[in-house]
Amino acid sequence: MNGQGKFMTKHKQFDLVILGSGSTAFAAALRAQELGKTSVMTEERTTGGTCLNRGCLPSKNLIEAAKIIHDARHPRYPGLKPAEVKFNFRELIAQKDDLIHGYHKKKYESLVGGKIRVEHGHVEFVDEHTVQIGGRRLTGEKILIATGSRPVIPDIDGLRNVPFLTSDLLTNDEPMEMRELPRSLIVIGGGYIALELGQMFRRFGVEVTILERSGQLLAHGYEPEVGEEIGKVFAKEGISVVTKVTVCSVRQDGKEVIVTIQTGRKTRELHAEKLLVTTGRRPNSDQIAIEKAGVALGTHGEVRVDEFLRTNVPHIFAAGDVIGGEVYSQMATPIGSQDGGIVAHNAFASQELRHVNHCIIPRTIFTDPQVAVVGMTEEEAQAAGHKCWCNTVPMSLVPRASAIRDPAGMVKMVADDKTEEVLGISMVGNSAGEVIHEAAMALRFHAKIHDFIDLLHVYPTMAEALKVIAISRYKDPAKLSCCAE
Ligand SMILES: Cc1cc2nc3c(=O)[nH]c(=O)nc-3n(C[C@H](O)[C@H](O)[C@H](O)COP(=O)(O)OP(=O)(O)OC[C@H]3O[C@@H](n4cnc5c(N)ncnc54)[C@H](O)[C@@H]3O)c2cc1C
């Protein structure tokens with residue numbers, strides 16, 4: 001039966017049935033199409049998933065708008081006078097929605113048709129080859145679970161009885177989209193979403209308090225210097241960060257949310273107009289009747305996969321946020337997109353299976369200054385058995401950072417002391433999210449400390465941060481003239 005015939009049968013049959021329609025799903029469907037296969041994505045919210053509709057794109061759009069306002073208010077150069085950029089939040093939201101609609105048309109809707117279909121509604125397994133969606137049944141020779149993740153809602157006394165925001169506040173075409181700025185905001189959680197949105201709201205003029213249960217921001221998976229550096233920046237911008245805090249209870253009083261917290265032995269109440277809960281994300285594996293397909297889950301609800309993204313059921317694959325930290329994955333769009341393509345290849349291509357490539361994952365947090373990391377932290381390298389050489393230098397030693405009067409931040413290198421292979425880089429600084437790609441490519445090809453010095457870097461660029469930190473292995477970079485090695 002050819003692909004066209006398959007669409008015409010009553011009980012719809014496809015080569016690939018995909019649960020979800022996010023970036024992972026689209027990548028898989030497109031690759032399957034290239035291989036001549038039919039696929040159907042299934043979606044209960046907006047086609048395109050988290051990244052497009054409520055994650056990466058809307059957040060980065062509004063974060064940049066907030067930066068324009070901040071930079072005008074706080075010019076870095078003597079001689080530039082502060083200026084007040086007037087803004088209308090509703091109009092900012094409207095332009096964000098327009099932008100997303102445009103992307104949606106160009107990058108998602110226009111790709112559907114031909115061998116790629118989308119069915120709307122809540123999808124669940126019926127058996128290991130069949131799903132149902134709003135009374136319809138779809139059968140796939142192969143199946144991909146790409147249902148993404150959703151915010152974790154912590155078990156805090158009273159939380160379920162007060163209205164609170166989650167990272168869904170940036171969504172479009174859904175009722176939870178935020179259209180009015182609150183006067184004040186309490187953010188529970190000190191991870192990357194808290195930092196990006198917390199700083200953005202502060203720059204829009206909101207009074208922001210971040211509550212973090214550990215001793216510092218970005219406590220997990222980052223070098224301690226990173227959280228410290230961002231903490232300093234946030235303090236300067238007037239963002240209140242409370243660490244080592246237990247959130248005891250939450251209640252609503254008129255137009256205010258009251259959060260009772262404990263720090264040490266002290267208990268106190270914080271008041272704000274809105275509450276934002278950003279305490280992590282969990283895989284969407286619990287509402288798809290996955291047991292009917294016999295697919296195994298890990299302890300945090302992640303779908304268990306091998307390095308070829310196969311679940312324990314040979315024709316069922318999983319990729320994207322729904323696999324959580326399986327095979328060293330992380331929840332980020334480029335990982336799901338690459339892995340979606342790998343799934344389609346492994347499901348249908350006759351050549352060798354492709355395995356995932358999760359060893360080198362560059363990451364960026366779009367705060368200002370940006371945080372960007374790749375590879376291992378010092379602690380991780382030591383745990384992996386390396387005797388490490390590590391060093392941290394302030395961004396002020398990078399000529400461009402000083403030249404453009406933007407010296408906030410630092411760069412840290414972790415290398416094997418004996419082989420001098422570079423194992424990890426962490427940066428906080430202007431354009432760190434761009435610079436990190438040089439480090440990622442270097443790690444991919446097992447570069448040594450000297451490779452960062454030997455590579456001619458454009459002067460003056462922020463990428464020279466990598467050269468400066470490499471030089472610090474051999475001499476004091478503070479005592480060098482520009483470009484000298
Ligand atoms: C605020 C925020 C900012 C972010 N910023 C970045 C960033 O800058 N860079 C980056 O790389 N990543 C970022 N991320 C993470 C990124 O958005 C996700 O890693 C990525 O979108 C995951 O893609 P996915 O295809 O695995 O899942 P999703 O895009 O979430 O797609 C899964 C889809 O499946 C649907 N679904 C789930 N269950 C069912 C069901 N039973 N029936 C029907 N449909 C179902 C969901 O509605 C969803 O649309 C951000 C996330 C957030 C929340």
Side-chain angles (χ1 to χ4, degrees), residues 17-29 40-64 96 104 108 118-125 131-134 136 138 144-152 165-171 173-174 176 178 187 189 191-198 200 276-290 301-303 309 317-326 329-341 343 361-367 370-372 433:
V17 167
I18 306 174
L19 289 82
S21 79
S23 27
T24 310
F26 264 88
V40 60
M41 290 179 270
T42 52
E43 181 57 62
E44 65 184 350
R45 294 179 71 179
T46 319
T47 317
T50 306
C51 177
L52 170 72
N53 296 298
R54 49 196 173 270
C56 328
L57 284 176
S59 61
K60 272 75 241 183
N61 168 272
L62 291 171
I63 285 169
E64 190 61 22
K96 181 264 294 178
H104 197 268
Y108 292 82
V118 181
E119 294 275 341
H120 293 278
H122 180 81
V123 71
E124 282 185 3
F125 278 101
V131 298
Q132 66 181 4
I133 178 162
R136 290 150 287 154
L138 311 169
L144 166 60
I145 304 171
T147 40
S149 63
R150 65 175 185 275
V152 167
L165 304 161
T166 67
S167 55
D168 275 352
L169 65 90
L170 298 174
T171 192
D173 304 330
E174 290 182 310
M176 59 282 225
M178 182 193 257
V187 185
Y192 87 93
I193 293 179
L195 268 52
E196 288 187 356
L197 299 185
M200 177 189 88
L276 168 61
V277 176
T278 58
T279 44
R281 296 182 66 83
R282 61 143 296 155
N284 282 327
S285 58
D286 54 335
Q287 290 162 7
I288 51 173
I290 202 165
E302 67 278 18
V303 178
L309 297 163
F317 295 77
D321 281 12
V322 80
I323 66 167
E326 281 288 285
S329 192
Q330 295 178 14
M331 292 186 182
T333 301
I335 304 169
S337 298
Q338 185 169 83
D339 287 358
V343 165
I361 300 180
R363 282 178 292 158
T364 294
I365 302 177
F366 291 83
T367 44
Q370 294 178 347
V371 171

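We count ligands from 1, going down the list as the structure has it; atoms in each ligand are counted the same way. Counting from 1, the numbers follow the sequence of the chain as shown.
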K.L.:
Taking all non-hydrogen atoms of both residues, which atom of Ser21 and which atom of Glu43 are closest, and how far apart?
P.N.:
OG-OE1, 2.7 Å

K.L.:
Given a heavy-atom cut-off of 4.0 Å, could you list the residues near ligand 1 in chain and number order?
P.N.:
Gly20, Ser21, Gly22, Ser23, Thr24, Thr42, Glu43, Glu44, Arg45, Gly49, Thr50, Cys51, Arg54, Gly55, Cys56, Ser59, Lys60, Gly121, His122, Val123, Ala146, Thr147, Gly148, Ser167, Tyr192, Ile193, Arg281, Asn284, Gln287, Ile288, Gly320, Asp321, Met331, Ala332, Thr333, Pro334, Phe366

K.L.:
Thr42 side chain to Gly20 main-chain N or O, any donor-acceptor pair under 3.5 Å?
P.N.:
yes

K.L.:
Using modelled atom types and a 3.5 Å cut-off, is there a donor and acceptor pairing between side-chain atoms of Gln370 and backbone atoms of Gly433?
P.N.:
yes

K.L.:
Taking only distance into account, with no hydrogens and no angle test, what donor-acceptor pairs under 3.5 Å do side-chain atoms of residues 44-52 form with protein atoms, sequence neighbours excluded?
P.N.:
| from | atom 1 | to | atom 2 | distance (Å) |
| --- | --- | --- | --- | --- |
| Glu44 | OE1 | His122 | ND1 | 2.6 |
| Arg45 | NE | Glu174 | OE2 | 2.9 |
| Arg45 | NH2 | Asp168 | OD2 | 3.3 |
| Arg45 | NH2 | Glu174 | OE1 | 2.8 |

K.L.:
At what distance, to the nearest 0.5 angstrom, does CD1 of Ile193 lie from CG of Leu276?
P.N.:
9.0 Å

K.L.:
Step by step, work out the side chain to side chain donor-acceptor pair (under 3.5 Å) result for Asn284 and Thr147.
P.N.:
CA-CA 6 Å; Asn284 282 327; Thr147 40; 5.5 Å; no

